[in-house]
Structures are given as structure tokens and as C-alpha cells.
S.K.: 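One structure, pasted below without further comment.
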Amino acid sequence: MHLVLVDGSGFIFRAFHALPQLTRKSDKLPVGSVIGFCNMIWKLSEDLSGDDAPTHMAVIFDYSSKTFRDEIYAEYKQHRPPAPEELVPQFPLTRAATRAYGLPSIEMEGYEADDIIATYTALAKDVGGKVTIVSSDKDLMQLVEPDGSVRLLDTIPRPGQPPLRWIGSDEVFAKFGVGPEKVIEVQALCGDAVDNVPGVPGIGVKTAAELINTFGDIETLLSRTAEIKQPKRREALETNAELARISKRLVTLNRETPVELPLEDLVRQPVEPAKLFPFLKAMEFFAISKRLGTLLDADPEAWPADPELAAKPAEPVGFDNNARAEARAARQSAEGRADSAPVLHAKLEHEKIKAIPLDHSKYEIIRDAAQLQRWIDAAYAEGIVATDTETTGLDNQTADLVGISFSTAPGNGAYLPLGHTEGHGDLLGGGMAEGQMDLRAALEQIKPLFADRSILKIFHNVKYDLGILARYGIEVRSFDDNLLLSYSLDGPQFNTMGELSDHWLGLAGMSIKELLGSGKTQKTFAQVPIADAAKYAAEDADLTFRLWKVLKPRLVAENMTTLYETIERPLAPVLARMEGRGITVDRQILSRLSGDFAQRAAALEAEAYELAGSNFNLGSPKQLGEILFDRMGLPGGTKTKTGAWSTGADVLEDLATQGIPLARTIVDWRQLTKLMGTYTDALPSYINPRTGRVHTTYSQHSVLTGRLSSNDPNLQNIPVRTEDGRKIRTAFVAPAGKTLISADYSQIELRVLAHIADIQALKDAFEEGLDIHAMTASEMFGVPVEGMPSEVRRRAKAINFGIIYGISAFGLANQLGIERSEAGEYIKTYFARFPGIQDYMAEQRRKVKADGYVETIFGRKVNFPNANSSHPAERSFVERASINAPIQGSAADIIRRAMIRMEPALKAAGSDAQMLLQVHDELIFEVDEGKEDAVMPVIVKTMENASEPAVRLTVPIKVDAHAARDWDGAH
DNA sequence: GCAAGGACGTA
DNA sequence: GTACGTCCTTGCA
């Protein structure tokens, strides 16, 4: 017998990377890799003819459930790169293809393809058969037999080499320096960075082979380390004996997996047109169909498309009918099993890193080009370097570069000082400090390293460094960001490097505050003596490297790779560019408004003193409360949790309607002074003298749900609701010759709710383009939309928002100024009219209590550590927040994806429009005057399609766009 | 000089 | 009822 075992997952990835991303015509399903897979399978059966023809054959896959995250997880166990999202839907299709070609498709939960291959190989050998494993995976080389009965076949085309390359005992020896039977011993010693095998640090393939050839195996070697002459090598082996043993466990394939199909069932079957053509037709592979029709002498037209696979409207992917639910159940039932390889790897890395002591004496100060070159060379040798820029401030649009630090391995570090001044610490500063490289020369030398795609640069908060480096003409390709890794894994619980290293490494690290001082005497980093600066900066790079070694493996172990690699990491440079562009703010407009507001506020102030009968600080809620409720003795006063009188706008509004004119005066005064203090007076101070524009800073890692936040200044809360407030928006303008475009998602959160909770009535309403609040009102109160009183619609709108916020009768009553019982009735009616909402809410409550987190449709986890708090109020709060988080968060994910794709989309359309701002469901652009009409459709389409193809929403997404000279006009 | 609380701007 | 950031006052160091 001759058994041929095909490494199916290897074929898929090979097809994906080698071929264009074709899609199925009728529904744009990605199928390029399926086409490649089919062709490879067919070609293989043509190649293996005559003496090499198989009597038995099967295609083996890594196990995968139906969700893309589980797919990635399974592929990761095989140590392959993360699955790109276009590839995900193609995994199940390649299984179907295998069956269509008459081959058994084999995969097993809990086992890698390699284990199954090892098992069938052993079974075939037992009966004296010959085995060919179609794969180029070196992990399978341990199965090769010196007598030629088991060989690998590498079919991947390589230039200058024959199309088919057999790998027997000699080829294995060439690669590992030992025969197949010792391959696992060598692999256990030298490890493999890509394969998650730790190995023994400092031992490569050559050394490993030498040791195994001398001692025979790992155990003998470990028992006789005293005979090893090189002290470093001996020490490495002695301290890492356990790592070597664990590594051997990781690399050894399991030859006794409980396979379900007996060998007899793998007997080669002829291709059946009745199986093949319905598949090809459903896939719409008409060219292949025609070719095989000729070869098999069959008429492809005689069979209908397989209805299971043919194009059709996508299934809803809501919370309860999502395959993810099945995957979750599978994961839960698997609890208690031994750690998977990625989890084990992450734990091992963490332990190893924690054991490395912090030693400042190992750090270097880089003084000249030769020394800098040694660090650059080290970065090239490792393929990876942690780095950090030191600057004179926290705002990367104004701060100057002072130095750059590097670390190429945990424990080492170097600081390159470039802009330190003679440290008098006074305002005059002094000249440049001695012993620093010329800034320009050093940057020219470093530039290629940062631009090199093959060298991974690790940062903490890369967006800051990208902004600084861009201003110095340095481009960064290939990077990781610990802050974003931490955010992807744990949410916004850690902000600074100090917090991360304290938590994960148990290391405090030097404090920047001690270095710079505080208050009046605070220095900039440029004024810190180089020797002190170097300790701090090099340690920063060192800790950055260490943290990366802890955090990065967790991505795979915890299935957060897709979120990080397809959303968080690519977004950072997009935000850096938006921050760098800034937006023009017209000083004159703000100044005029400020004068107007100040006059009116002064008049109101005088009026308030008159009405109150005394002068007091209008800005003091404390004094106001005492006047209103103690001195004037007005009814309706409530106390805040600290016992102070409550004087919020709603309280004052109440008093005003009860005929207290002072209350109205205060409300109006507060509005005007708020507008002055926060906007008309504050914004001009943010105009950057270098660019003449206002540059906000976005925080990508601060919001629980996945939204961005904006600060210094916050451009996400520029007023819009009142007439006076909107005037501030007229100061945000396009420069001469340009126009602003605002594009905003219409009702995105309600649409997301309709999708994830699968509310048919809501979906239908969106499909028909109805006024959603009026439709809700009409459903609930039985009032026709035509001629509906505005109050009825207002109530329905409040309820819709209430649902998104995790409604409570208390909150709704507050919002609408009605009785709690009445609000409760509204909610009951809503639930009755829109069945599904309650199920959604119940599911989120259940999940957050059981798991401690809920998820967005893109797999972002939102953690609630207090879900089972003993405080009822806190528990209720978590319940509402856990209902809101998937809605707000999924909408946030969608716009993040839109932003990532926007620049390439604009470029592809030949537009030079620039994305400036994001306000949660709105994007602001600047575009050449006259180009608005051309670019708006591109923007709208990119935003509307942003969830695809990862998530096919079951509601339409709508985006409105407007162009005008200023933000008020465009909105 | 700093932190907490209240108030209020946005989605 | 969700999610933020900023300004101002107050109270303490």
C-alpha cells in the first residue's frame, strides 16, 4: 500500500499567499484560496501517478470550529501566521472541496494535523505500507524513516529547484545535523521562535546537533552536563533543564491520537462527478468545472449547484444564533484540560522574563557612529528592537527630540543622547552638552532601521513616537505597541509603562518625576544630565522589550490576535497622521464670540445678584445651593452623595418653571461661561505656532468600549445642541481653497442593536428607510406616523436611547419627567412589541456574570470585574453597562475599521482628501474646493462597508455627508 | 500644588 | 439609564 497524507492547512496558506484575492461573483465571498487549493489537489493527483500513485489518501486539517477566532487559534497551534480575515470563510470551503474531490477530510478537536498525520503514518507502517506526507513542515521530519518507507514531499514551487522535492533521511540530516530519529532531541534544545518552542537559550541548531551526536539524547545530556567544557553552555543547560524537557514534549508528535476513520476508509476513490460538479457550480468555478468536465468526460451542466454552499443572503450573526456561542460552549467543556501549546508558551515566557534581574550597570550610552552601528547591527541580528524617544514634553506636536533608547534583548539597553543641554536648569538653558552625536547624522544612520519592514520595532504608545519621528523625517514600518497589546488583551486598565511593568514584571522602574522634579522647578528631559537620563531611557527600552515578551504571546493564547492586528495596530499610524494634520480654527471668530458671551454673562451676573439680593460667586454650586435652599427656603432641594445641595441644570430648570427667575438666570449664565471657559477662550491657546492649526491628541487605549477619546483639546465635545454653542463650530474652518466634509453614521447604534439582538421589526424599518423613532412610537402607542405629535415621537426616541443605555424605569422616568410606574409600563410595551430585546439583555447579563466580560461583534472584550459585586447598585450598573458595551463597542469597531481603510480608499480614488477628526460616529475631512462631489461617495461607501467582510451585518448601514466652509455648515 | 466633587460639553 | 474630557471651586497639604 502507498498512503498519501496531505497537510491541508499548509495547502490553504500556500494558496492564500501565492494567489490573488478573488471573490465569488454573486456575493463577493472570498474564494481565491479555495481555487488554489482545488488546483493543488488536482495537480498532486496528476503528479503522483505510476509507481507513486496512492492506494490510500486523505487530507488532514488543523481543527477549527466555525468562528474565525477559533480558526486562528487552531492555525496558531500549528505556528502559522494569523489568518487574514479574507481567509476565514475559506476554511470550511476547503473541507468541502476535499470531500468534493472524493477525499476524506480529517480533523480532530484537541489535536493538530501533525499528530493525526503521525498516527496514520504509524498505522500504515504497522501493516508494512509506504507513506508520503505532502508538506514542507519541518516539524513532520521526525516521522521520516531511513529505509525510505516514510518520506515528505514538498510541492511548493521554488525558483531553480525541481517542482517535486522528496525529503528523506539525507535531507533531514542536512537540515538538522542528525537523523530523523533524533530530530526531536535537537528541536527541543534549539527551540524555535516562530513555533513557540522555548528551547535552551543560547543554543542553536548546530550546537544542538553537536551535543546530541555526542550524548545521544536530552536526558543523557542533562545527566552529564559536567562533561561540557564551555561554561556558558553548561550553565545554560543546567538552569534550563526543565525548559528543554517541556520543549521536547511540545515538539514530539502524538502517534496515538484516537482517529475515527480506520486505515481501510482512506482507500483512494475515483472522483465522482455527482459530488464534484455541484460543489464547483456552487463556488462558481466555471473554468475549473469546464476543464474537469473534459478530463472526466462528464457534462458539468448536468448537476445543480450545492444549495448548502451556493450564494445566498448571509445568516444573522447575532448573539444567540452566532456560531461563537457554540465555540464558547466548546471552550467551556474543554476547561480542565491541560493548557494548550500557546497558553503554555505564554506562561513559560512570563516566568522566564520575570526571572531576569534589572541591572542598570549593563546599560550603555551611545557616543559615536561606530557604537550606534553596533546597536543597529544587533537589531538586525535579532530582527527586533525595543525603542523609545525621549523629548521635551508630552505634546508630540511641540516637543523636541532629546534622545532615543534601544534594547535588543531583555536585560540590555542603550541610550543615544542627541539634544541634552548644559544643565543649569534655568530659562537660558545653556549650550549643548558634551559627548552627543550630531542629531542629523545620527538620524540618517538610524533611518533605514526604522523603515525596514523586516525589523520589528517595539514601542510603548507608538502613536506618540510616530508623531515625533515623522517631524524628524523618520518613517516607521513594522512595529508593535505594548500599550495597544495591553489594551487589546485587558482593556484600559493599564496606562503607563510603570503600571505595566509593576503588574507584569514586578519591577517599579525609575520614576520620571524624580528625574524632572515638579512644579516651578520642573526640568525638561533635555536638562537632565546624560548619565541619569541614560539610566532612565535605557531601562525604558529594556522594560519595553521585557513587557513585549510577556504580552505578545498572550495574544495567541487568548485569541486576541485579530483584534490587535486588524484593528488596533493599523489604526495607530492613521491617528498619528490625523493628529499631525490638525484643523484650522479661526481666532477672530472665537474672539468676537468671546466678547459677546462675556457681555451677556456680565449682564446675567448683575441680574443674578439683584434677584438673590446679594453678591456671591455664581460659579460656586456650594454658595448657590445655600442661597436657594437654606436662605430662600425653596422646595424641591435634593442633596448629593456628599451632602451638598444639588444645583444641576435639571434642578434649576424645575425651579425656573415654578417661577423662580434666579434659576433661569443661573442656567443661562452657566451656559455662557461654560462656552467661554472651555471653548472661545481656551481653544486659541491650542493653536500651534508652527502649523497655525489645532492638534488634538486621541487616546486609543482609554475607553472601555473601544471608542476613542480626544484631549488637549477635546475636539469630540465641541457644542452643537444650542444656538450659541453652534456658533463655536463656525470657527472650525477649511483654509483657503479647501472645503470641510463631515460624514456621519445615521443611527449606527440602533442599527447595531437591531443586528446583534436580531430584532426583525427594527431591521425592517431600517431596510425601508423609515423614521425610526416615529416607527417606534407608532408601534408602541398605536399612533399613525402621519401627523404624529412631536411629544409622542420624543418619548419613543428617549426609549430607544434608553434601550441602548441598558434601560431602567428609574432612568427613563427621570429623562421624561414622568412617574416611575408609567416608565415601567412603557418598557413593558417596548419589550412586547420588540421581542428579542429582552433576550439580548438577559444574555448579556448572564454572560457578564459568568465570564466577567461581554464582547463586540469583532471580538473585542469589555471587562467588568465587578459583575458579581455585593453592592446591588454596583451590580445594576454593571448590568446596564454590559448591555450598552457590545452596542457602543461594535459601532466603535466599525468606525475604526472605516478609518483604517479610508486613506487607501481615497488614494485609490485619486483623491487627496485628508481625514482630520473623528467624533465617535462622524469623520471630518478637508478636501480641495470643487472636489467634494467626487470624494463624498468614496467616503460614504468606505464607511458603510467597513464591517465587511469580517462581519456581514443584517441591517443596512447609512452614512450622510455634507460639505461646507465650516464645521457648523458641514454637519 | 494637587485631588475630589460638581457641573456640563459631546456621541 | 451608556461612554468620555475639561473647567471651576473647595479643601487639604
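Each chain gets a letter, A, B and so on, in the order its sequence line appears, and its residues count up from 1. Treat the numbers as computed from the prediction; the structure is a model and nothing was measured.
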S.K.: Choosing from B:dG6, C:dT10, C:dT6, which nucleotide comes nearest the side chain of A:Asp712?
M.R.: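 Output: C:dT6.
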
S.K.: Out of A:Val733, A:Leu917, A:Val585, which residue meets the side chain to side chain contact (heavy atoms under 4.5 Å, CB included) rule with A:Trp967?
M.R.: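 For A:Trp967, the side chain to side chain contact (heavy atoms under 4.5 Å, CB included) check succeeds only for A:Leu917.
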
S.K.: Once you round it to whole Å, what is the distance between C1' of C:dT2 and CG of A:Asn884?
M.R.: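 Distance check: A:Asn884 CG to C:dT2 C1' gives 4 Å.
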
S.K.: Of the candidate nucleotides C:dG5, C:dA3, C:dT6, which contains the atom at the shortest distance from the side chain of A:Ser702?
M.R.: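 The nucleotide sitting nearest to the side chain is C:dG5.
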
S.K.: Counting neighbours of CD on A:Gln658 that are heavy atoms of other residues, nucleotides or ligands and sit closer than 6.0 Å, is the number greater than 12?
M.R.: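 Yes, enclosed.
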
S.K.: Report yes if at least one side-chain N or O of A:Arg729 is closer than 4.0 Å to OP1 or OP2 of B:dT10; otherwise report no.
M.R.: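 For B:dT10, OP1/OP2 do not have a side-chain N/O of A:Arg729 under 4.0 Å.
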
S.K.: In this structure, how many angstroms lie between the C1' atom of C:dG5 and the NE2 atom of A:His701, rounded?
M.R.: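 From A:His701 NE2 to C:dG5 C1': 14 Å.
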
S.K.: Should A:Arg896 and A:Asp893 be marked as a salt bridge (charged side-chain N to carboxylate O under 4.0 Å, His left out) after you check the CA-CA gap, both sets of side-chain angles, and the distance that decides it?
M.R.: CA-CA 5 Å; A:Arg896 280 184 181 220; A:Asp893 289 342; 5.4 Å; no

S.K.: Does OP1 or OP2 of B:dT10 have a side-chain N or O of A:Asn714 closer than 4.0 Å?
M.R.: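 No, A:Asn714 has no side-chain N/O under 4.0 Å of OP1/OP2 on B:dT10.
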
S.K.: Between C:dG5, B:dC8, C:dT10, which nucleotide gets closest to the side-chain atoms of A:Lys622?
M.R.: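 Closest of the options to the side chain of A:Lys622: C:dT10.
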
S.K.: Please walk me through it: do A:Arg726 and A:Glu723 pass salt bridge (charged side-chain N to carboxylate O under 4.0 Å, His left out)?
M.R.: CA-CA 5 Å; A:Arg726 268 197 303 280; A:Glu723 198 188 325; 5.8 Å; no

S.K.: Compare the minimum distances between each of C:dG1, C:dT6, B:dT10 and the side chain of A:Leu812, then state the nucleotide with the smallest one.
M.R.: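 Nearest nucleotide to the side chain: C:dG1.
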
S.K.: I want to check one thing: is the phosphate of C:dT2, taken as OP1 and OP2, less than 4.0 Å away from some side-chain N or O of A:Arg880?
M.R.: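 Checking C:dT2 against A:Arg880, a side-chain N or O does come within under 4.0 Å of OP1 or OP2.
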
S.K.: Does the side chain to side chain donor-acceptor pair (under 3.5 Å) test come out yes or no for A:Ser746 and A:Asp960, once each step is laid out?
M.R.: CA-CA 7 Å; A:Ser746 157; A:Asp960 300 310; 4.5 Å; no

S.K.: Does B:dG9 have OP1 or OP2 under 4.0 Å away from a side-chain N or O of A:Arg721?
M.R.: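 So the side-chain polar atoms of A:Arg721 never come under 4.0 Å of the phosphate oxygens OP1 or OP2 of B:dG9.
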
S.K.: Does A:Thr642 place a side-chain N or O at less than 4.0 Å from the phosphate oxygens OP1/OP2 of B:dG6?
M.R.: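 Result: yes.
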
S.K.: In whole angstroms, how far is the C1' atom of B:dA11 from the CG atom of A:Leu708?
M.R.: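 Checked: the CG to C1' distance equals 12 Å.
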
S.K.: What is the distance, rounded to the nearest whole Å, between atom OH of A:Tyr679 and atom P of C:dT6?
M.R.: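 In whole Å, C:dT6 P and A:Tyr679 OH are 10 Å from each other.
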
S.K.: So, is A:Gln623 near the phosphate of C:dT10, with a side-chain N or O under 4.0 Å from OP1 or OP2?
M.R.: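 So the side-chain polar atoms of A:Gln623 do come within 4.0 Å of the phosphate oxygens OP1 or OP2 of C:dT10, strictly under.
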
S.K.: Nearest to the side chain of A:Asp921, heavy atoms from C-beta on, is which of C:dG1, B:dA7, B:dA11?
M.R.: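 The closest nucleotide is B:dA11.
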
S.K.: Would you say A:Thr678 reaches B:dG9's phosphate, i.e. side-chain N/O to OP1/OP2 under 4.0 Å?
M.R.: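 Answer no for this pair, as no side-chain N or O of A:Thr678 is under 4.0 Å from OP1 or OP2.
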
S.K.: Counting heavy atoms from C-beta on, name the nucleotide in C:dC4, B:dT10, C:dG1 closest to the side chain of A:Asn717.
M.R.: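 Among C:dC4, B:dT10, C:dG1, the one nearest the side chain of A:Asn717 is B:dT10.
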
S.K.: Report the distance from atom CZ of A:Phe864 to atom P of C:dT2, rounded to the nearest whole Å.
M.R.: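 The answer, rounded to whole Å, is 10 Å.
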
S.K.: Is A:Ser709 close enough to C:dA3 that one of its side-chain N or O atoms is under 4.0 Å from OP1 or OP2 there?
M.R.: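 It does not, given that no N or O in the side chain of A:Ser709 lies less than 4.0 Å from OP1 or OP2 of C:dA3.
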
